[in-house]
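These notes are about the structure you will find just below.
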Amino acid sequence: MNEFTELSYALDTFYFLICGVLVMWMAAGFSMLEAGLVRSKNTAEILTKNVALFAIACTMYLLVGYYIMYSSSAGGFLPNLGFLIGAENSADAVTAGGDDAPYYSMRSDFFFQVVFVATAMSIVSGAVAERMKLWAFLAFAVVMTAFIYPVSGYWTWGGGWLSEVGYSDYAGSGIVHLAGASAALAGVIVLGPRKGKYGKDGSIHAIPGANMPLATLGTFILWMGWFGFNGGSELKLAAVDSANNVAQVFVNTNAAAAGGVIAALILAKLWFRKADLTMALNGALAGLVAITADPLSPTALGATIIGAIGGIIVVAAIVTLDKVKLDDPVGAISVHGVVGIWGVLAVPLTNDGASFGAQIIGIAGIFGWVFLASLVVWLILKAIMGIRVSEEEEYEGVDIAECGLEAYPEFGIKK
């Protein structure tokens, strides 16, 4: 019995770690996607942001975030404050058996959770691209990953009050994606749109990205990483039911992404008379975000439909946000926020253990906390250090102003 327990513990720990590695690889996906969707003069800065935010997220969540999220009282509202991640599970605790016996390493849990935090912060990066000061963004990343995200994470996955009311979110459509989008929305409101994006007459001027192959590569990397994001959220593998659940999650995750692409592409063709690549890419991501709240309960066909609805929603949301002059260069708020809400609301459609009332409370709680807390932080940063580059620096590109180099220096050579 003990040998089997130790083997299953080892397998579940290994599976958890590998899924965490896949989620970490999503950082590369966000980097490539955002680098492709911004103008060439802003590429080096967006890449610097993505590398730095990942490092900051890992460090701040290690220092305080993980403790806040998972060491606080069940059913509570205010988290406990503390540091670091605690002692590892002992061999005796693992082999003792019983319902309370751990089935994976505590450090594998930390590693899996920390890459989720970085994902939430990556959502903010693209939405504020091309006009935000690098160090203001990184200062916000410190607060977001150390405190803002862990508090709402405690309310939900950490056993806090939202967990007690029955909020259900398997892998984080609301907990991760809506949270990231809520912080991004607050930043975009305080920051304002890019120069030239909106005319005084209400016209909307498209600002194309510099590298569509790179954006497409980023989308495929994110699609791949999402198997770890959702599959790892089953938390274990070394049992027949768990293994079957993981397989179902993988199939549904893939099906939802495919549905999102097809629906977004068809809608773009009908609406704009063109097969818009950026809408297809965002459709894939929208399908993935939509199914993340519950990739286990639906059938594969049901997951395809949930993803397809997400693909339709994201196209409409991107157009709508432009009409109200919320400038989001990569569509992050639409993909992760608006579709994240749809994903959370879709859970009771296939999961009898969830209710619309609890899901709506969860949406309101997560959005309200993250948006308001982020708004306060953005306003403080604006008052203390400023958050927007000068008009001249924005025109020249933030690569030179913020990083002192260009991503594509040969473009500027005159022959």
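Reckoned from all heavy atoms, side chains included, excluding hydrogens, waters and symmetry mates. Positions are given from 1, in the same order as the sequence printed here.
Under the rule for a ring pair (Phe, Tyr, Trp, His ring centres under 6.0 Å), the partners of F16 that lie at least two apart in sequence or sit in another chain are Y104, F112. Shown here are the side-chain contact (heavy atoms from CB on, under 4.5 Å) partners of Y170, two or more places apart in sequence or in another chain: S233, E234, V249, P295, L296. Residues forming a side-chain contact (heavy atoms from CB on, under 4.5 Å) with T299 (at least two apart in sequence, or on another chain): L301. F250 meets the ring pair (Phe, Tyr, Trp, His ring centres under 6.0 Å) test with F227; sequence neighbours excluded. Under the ring pair (Phe, Tyr, Trp, His ring centres under 6.0 Å) criterion, F140 pairs with W378, sequence neighbours left out. Scored by the ring pair (Phe, Tyr, Trp, His ring centres under 6.0 Å) test, Y67 finds no partners at all (sequence neighbours excluded).
Around NZ of K195, the count of heavy atoms belonging to other residues, nucleotides or ligands within 6.0 Å does not exceed 12. Remark: W271 CH2 is packed, more than 12 non-hydrogen atoms of other residues, nucleotides or ligands lying under 6.0 Å away. Surrounding CE of M106 are more than 12 heavy atoms belonging to other residues, nucleotides or ligands, all under 6.0 Å away.
Using cut-offs of 30° and 60° for the angle between ring planes, the W226 and F229 rings count as tilted.
Legend: side-chain hydrogen bond (donor to acceptor under 3.5 Å, both in side chains) pairs involving residues 348-366, not counting sequence neighbours, sorted by first then second residue: D294-N351. Within the structure, the side-chain hydrogen bond (donor to acceptor under 3.5 Å, both in side chains) test picks out no pair touching residues 20-33 (sequence neighbours left out).
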Please list every donor-acceptor pair under 3.5 Å in which a side-chain atom of residues 175-183 meets a protein atom from a residue at least two apart or in another chain.
| from | atom 1 | to | atom 2 | distance (Å) |
| --- | --- | --- | --- | --- |
| H177 | ND1 | H336 | ND1 | 3.0 |
| S182 | OG | L178 | O | 2.7 |

Show me, pair by pair, the donor-acceptor contacts under 3.5 angstrom made by side chains of residues 41-48, not counting sequence neighbours?
| from | atom 1 | to | atom 2 | distance (Å) |
| --- | --- | --- | --- | --- |
| K41 | NZ | Y395 | O | 2.8 |
| N42 | OD1 | V398 | N | 2.9 |
| N42 | ND2 | E130 | OE2 | 2.6 |
| T43 | OG1 | R39 | O | 3.4 |
| T43 | OG1 | S40 | O | 3.1 |
| T48 | OG1 | A44 | O | 2.8 |

N/O donor-acceptor pairs under 3.5 Å from side chains in residues 52-64, not counting sequence neighbours:
| from | atom 1 | to | atom 2 | distance (Å) |
| --- | --- | --- | --- | --- |
| T59 | OG1 | A55 | O | 2.9 |

Show which side-chain atoms of residues 310-324 pair as donor or acceptor with protein atoms under 3.5 Å away, not counting sequence neighbours.
| from | atom 1 | to | atom 2 | distance (Å) |
| --- | --- | --- | --- | --- |
| T320 | OG1 | A316 | O | 2.7 |
| D322 | OD1 | Y198 | OH | 2.7 |

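A distance-only check finds no donor-acceptor pair linking the side chain of N252 to the backbone of A303 [under 3.5 Å]. At least one donor-acceptor pair under 3.5 Å links the side chain of S152 to the backbone N or O of Y149.
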